[in-house]
Number of protein chains: 2
Amino acid sequence: MSPRKTNPPFRSGVPELLILHLLAERPMHGYELVQAILAHTAGGLEFGEGCIYPILHRLEAEGMLDGRRQSVGNRNRVVYRVTPKGRRELARSVADWRRVVAAVNHCLQGGERGQPALA
Amino acid sequence: MSPRKTNPPFRSGVPELLILHLLAERPMHGYELVQAILAHTAGGLEFGEGCIYPILHRLEAEGMLDGRRQSVGNRNRVVYRVTPKGRRELARSVADWRRVVAAVNHCLQGGERGQPALA
DNA sequence: TTGCGATACCTCAAACTTTGAGGTACAAGC
DNA sequence: GCTTGTACCTCAAAGTTTGAGGTATCGCAA
């Protein structure tokens, strides 16, 4: 099911995390999501459409998102909402992110100490 | 000088950050560094040698690190230490990392609010 | 009424990162 | 003599992200 063969210890996962989180708050379409990420991170992070759309398609294919085709006037939109499976994935993503942040902070703050490590 | 053409908003940079930080604390050789990352992040992050060595080589080529070839017994080692240029890069890396963490946290904590954003 | 910019979708090559497995060689212990 | 650990290294493959390209509709202003 999961085509993830490797066990990536890091691998960012940030765009995916933000997508799941923001869509869990409010269903949106892709273009809106790109703007929302920019707005919600106070311009700190900017992911282009070329990054977001493929992730959206993949998450939908994996059953994490439910995309509903809508016509507003003569314009087409795909509004995505998070499925229960997607919510579980979100929880996992948040936990992963916190683990990474904790690990990096632990390293940055900790004034070496510990065992002298090797010679 | 910097062959970095793009303006990556994210791009992790975590291995590089940890390398510069740990070497600023204490000069080490590559193999030791791999173990040190594991130890200092309490096993939270594990970067293989295939990830670390190329970064070490690149940072040395860029003048961020100064690698000294040593012979211990009959064994060869390359002990790396951070140059002044590398320290400046470290400061930049830390700032980048904090910015990313702040942005993601801002997004995760902030209960939407802000403008209703688009229709 | 033509042209522009914004909205909205999409794709793709190229650049870059990281994994996982491969290799060499020496030293120590069993 | 074999295995394990140290220490260096490389590379293909998989993955991510960028930046630029494309289509089409809409509303506004010149």
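Below, chains carry the letters A, B, ... as their sequence lines are ordered, and counting in each starts from 1. These numbers come from a predicted model, not from an experiment.
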Novice: Provide, to the nearest angstrom, the distance between the CG atom belonging to A/Leu45 and the P atom belonging to D/dT18.
Specialist: 9 Å
Novice: Without decimals, in angstroms, what is the distance between B/Ile55 CD1 and C/dT17 P?
Specialist: 8 Å
Novice: Considering heavy-atom distances to DNA chain C, does A/Arg69 or A/Arg75 have its closest nucleotide positioned more toward the 5' end?
Specialist: A/Arg75
Novice: Can you check the B/Glu49 CD to C/dT24 P distance for me, whole Å?
Specialist: 16 Å
Novice: Of the options C/dT17, C/dC10, C/dT18, whose atoms approach the side-chain atoms of A/His57 most closely?
Specialist: C/dC10
Novice: Using a 4.0 Å heavy-atom cut-off, does B/Gly50 contact any base of the nucleic acid, only the sugar-phosphate backbone, or nothing at all?
Specialist: base
Novice: Side-chain N or O of B/Tyr53 versus OP1/OP2 of D/dC8: is the shortest distance under 4.0 Å?
Specialist: yes
Novice: In this structure, how many angstroms lie between the C1' atom of D/dG19 and the CZ atom of A/Phe47, rounded?
Specialist: 15 Å
Novice: Between B/Asn76 and B/Ser71, do the side chains contain a donor N or O and an acceptor N or O under 3.5 Å apart?
Specialist: yes
Novice: Whole-Å distance between D/dG5 P and B/Glu32 CD?
Specialist: 18 Å
Novice: Mark yes or no for whether A/Thr83, through its side chain, and A/Asp66, through its backbone, hold a donor-acceptor pair below 3.5 Å.
Specialist: no
Novice: Taking A/Lys85 for the side chain and A/Leu65 for the main chain, is one N or O donor matched with an acceptor at less than 3.5 Å?
Specialist: no
Novice: Nearest-Å distance, CZ (B/Arg77) to P (C/dA27)?
Specialist: 13 Å
Novice: CD of A/Glu62 versus C1' of D/dG15: gap in Å, rounded?
Specialist: 13 Å
Novice: Which nucleotide sits closest to the side chain of B/Cys51: C/dT19, D/dT17, C/dC9?
Specialist: C/dT19
Novice: Indicate yes or no for a side-chain donor-acceptor contact from B/His40 to the backbone of B/Leu22 under 3.5 Å, with no hydrogens or angles considered.
Specialist: no
Novice: Is any side-chain N or O of A/Tyr31 closer than 4.0 Å to OP1 or OP2 of C/dT7?
Specialist: yes
Novice: Please state how far atom OH in B/Tyr80 lies from atom P in D/dC8, giving the value in whole angstrom units.
Specialist: 7 Å
Novice: Rounded to the nearest 0.5 Å, what separates atom CG in B/Leu56 from atom CG in B/Leu33?
Specialist: 6.0 Å
